**Student:** 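Quick one: the structure is below, questions incoming.
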Amino acid sequence: KQIFNKRRTNKIKKEIFPVQLKDMTLADPPQRIPSKQYFGLAQQITDNISPKLFTYKQITVLDLSNNPSLCEIPEDIQHLRALKTLRLNSCSISQLPLTMLSLNNLDSLELNKNKFSQFFPVVDLSLVVMESLTHLSLNSNQFTSVPPICKRMPRLKQLHLHMNRLTDVSELCRPAY
């Protein structure tokens with residue numbers, strides 16, 4: 001006796017699981033993203049990210065993990081104003097564009113297994129605040145100290161720095177409020 005109807009199971013999978021774009025590069029993203037606002041392109045980028053991706057302003061979760069050919073994030077990421085979670089694990093990224101600072105709703109940022117030794121290009125940190133970020137995962141990168149920008153994340157509750165080359169953690173000391 002079959003417990004699940006195969007047609008019903010496939011419908012549930014389409015509703016719950018992220019958009020999968022097998023056999024498609026990001027040079028040609030889909031015409032329409034499902035209303036679930038989750039866009040997953042893990043292991044699917046073979047070239048640069050198409051600017052078309054950044055026209056989908058309703059995306060709240062973007063997963064670009066496991067794309068070793070991905071070396072940089074375009075400045076156009078600033079157009080994803082609704083973005084709450086960004087996953088860039090296991091790519092080849094070494095720094096983020098300054099335009100990411102305008103993502104005021106970004107709550108969770110996963111940058112594990114990349115080539116980071118700093119976050120952003122050298123900037124005046126007094127101008128930088130990542131107000132809404134509560135979760136930051138930087139495991140398995142090339143940091144030798146805690147990124148100074150972490151002091152500019154007032155809501156940060158989780159900071160993951162496993163498997164880095166940390167020799168100085170003094171940036172973790174916050175002044176009393």
Side-chain angles (χ1 to χ4, degrees), residues 9-116 119-120 128-141 143 147 149-150 152-163:
T9 303
N10 286 340
K11 183 179 179 191
I12 291 170
K13 282 182 185 177
K14 287 179 184 174
E15 290 175 3
I16 295 175
F17 295 103
V19 175
Q20 295 297 319
L21 302 177
K22 299 283 184 216
D23 305 319
M24 187 162 140
T25 67
L26 206 48
D28 186 26
Q31 295 299 317
R32 186 177 163 279
I33 294 179
S35 62
K36 299 299 177 202
Q37 301 167 336
Y38 180 106
F39 198 65
L41 288 168
Q43 299 179 335
Q44 297 183 44
I45 298 175
T46 57
D47 202 3
N48 292 327
I49 299 175
S50 168
K52 288 181 184 178
L53 174 67
F54 304 109
T55 63
Y56 299 113
K57 297 181 187 333
Q58 76 275 23
I59 296 173
T60 57
V61 178
L62 179 60
D63 188 352
L64 299 173
S65 297
N66 300 310
N67 287 295
S69 64
L70 184 59
C71 298
E72 64 181 28
I73 301 301
E75 303 232 344
D76 288 342
I77 196 161
Q78 68 182 326
H79 300 297
L80 300 179
R81 300 277 182 185
L83 194 63
K84 292 183 178 186
T85 300
L86 179 59
R87 295 185 184 116
L88 297 167
N89 301 313
S90 299
C91 295
S92 297
I93 303 167
S94 60
Q95 73 182 26
L96 298 173
L98 285 173
T99 56
M100 276 193 61
L101 295 172
S102 65
L103 298 176
N104 296 328
N105 291 315
L106 192 63
D107 175 64
S108 177
L109 182 57
E110 296 177 17
L111 302 169
N112 301 315
K113 295 184 180 179
N114 276 287
K115 297 180 179 181
F116 286 99
F119 247 120
F120 298 103
V128 177
V129 178
M130 295 187 83
E131 280 287 331
S132 58
L133 203 64
T134 61
H135 173 89
L136 178 60
S137 190
L138 301 170
N139 297 328
S140 300
N141 277 287
F143 289 104
I149 194 171
C150 290
R152 308 291 296 167
M153 299 173 182
R155 293 193 175 118
L156 190 65
K157 295 194 182 337
Q158 296 179 3
L159 175 61
H160 300 274
L161 286 162
H162 306 284
M163 304 294 289

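Nothing fancy with the numbering, it's 1 onward along the sequence. All of these numbers come straight from a predicted model, not from anything done at the bench.
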**Student:** So Leu83 and Asn105, do their side chains get closer than 4.5 Å, heavy atoms only?
**Tutor:** no
**Student:** Checking Asn139 side chain against His162 main chain: does a donor-acceptor pair fall under 3.5 Å?
**Tutor:** yes
**Student:** Is there a side-chain contact between Thr85 and Leu62 in this structure, where contact means two heavy atoms from C-beta onward sitting under 4.5 Å apart?
**Tutor:** no
**Student:** Less than 4.5 Å apart, side chain to side chain, heavy atoms only: is that true for Leu101 and Met130?
**Tutor:** yes
**Student:** So, do Asn89 and Ser140 sit near enough that their side-chain heavy atoms are less than 4.5 Å apart?
**Tutor:** no
**Student:** Within the 4.5 Å heavy-atom criterion, are Lys57 and His79 side-chain neighbours or not?
**Tutor:** yes
**Student:** Side chains of Ser94 and Glu72: does their closest heavy-atom pair fall under 4.5 Å?
**Tutor:** no
**Student:** Can you tell me how far the CG atom of Leu136 sits from the NE2 atom of His160, to the nearest 0.5 Å?
**Tutor:** 8.5 Å
**Student:** For Gln37, does its backbone N or O pair with a side-chain atom of Thr60 as donor and acceptor, under 3.5 Å?
**Tutor:** yes
**Student:** Report the distance from atom CD1 of Ile49 to atom CG of Leu70, rounding to the nearest 0.5 Å.
**Tutor:** 4.5 Å
**Student:** Under 4.5 Å between any side-chain heavy atoms of Leu133 and Leu109, yes or no?
**Tutor:** yes
**Student:** First locate atom CG of Leu96, then atom CD of Glu75, and finally report the distance between them rounded to the nearest 0.5 Å.
**Tutor:** 11.0 Å
**Student:** Within the distance-only criterion (no hydrogens, no angle test), does the side chain of Asn141 pair as donor or acceptor with the backbone N or O of Leu111 below 3.5 angstrom?
**Tutor:** yes
**Student:** Hey, are the side chains of Lys84 and Ser108 touching, using non-hydrogen atoms and a 4.5 Å cut-off?
**Tutor:** no
**Student:** Specify the closest pair of heavy atoms between Leu106 and Met100, including all atoms of both residues, with the distance to one decimal.
**Tutor:** CD2-CE, 4.0 Å
**Student:** So, for Leu161 and Pro147, which heavy atoms are closest and what is the spacing to 0.1 Å?
**Tutor:** CD2-CD, 4.5 Å
**Student:** Quick check against the 3.5 Å criterion: does Ser90 have a side-chain atom that pairs as donor or acceptor with the backbone of Lys113?
**Tutor:** no
**Student:** Does the side chain of Ser65 pick up a donor-acceptor pair with the side chain of Asp63 at under 3.5 Å?
**Tutor:** yes
**Student:** Quick check: does any side chain N or O of Asn114 sit under 3.5 Å from a backbone N or O of Asn112, one acting as donor and the other as acceptor?
**Tutor:** yes
**Student:** Would you sort out whether Cys150 and Leu159 count as a side chain to side chain contact (heavy atoms under 4.5 Å, CB included), showing the intermediate values?
**Tutor:** CA-CA 9 Å; Cys150 290; Leu159 175 61; 4.1 Å; yes
**Student:** Closest approach of Pro97 and Pro74, non-hydrogen atoms and distance?
**Tutor:** CG-O, 3.9 Å
**Student:** Just how far is it from atom CD1 of Ile73 to atom CG of Leu64, taken to the nearest 0.5 Å?
**Tutor:** 6.0 Å
**Student:** Is the backbone of Glu110 close enough, under 3.5 Å, to the side chain of Ser137 for a donor and an acceptor to pair up by distance?
**Tutor:** no
**Student:** Within the distance-only criterion (no hydrogens, no angle test), does the side chain of Arg155 pair as donor or acceptor with the backbone N or O of Asp107 below 3.5 angstrom?
**Tutor:** no
**Student:** Any chance you could measure Leu53, atom CG, to Ile77, atom CD1, to the nearest 0.5 Å?
**Tutor:** 8.0 Å
**Student:** Parallel, tilted or perpendicular: which describes the rings of Phe116 and Phe143, with under 30° parallel and over 60° perpendicular?
**Tutor:** parallel
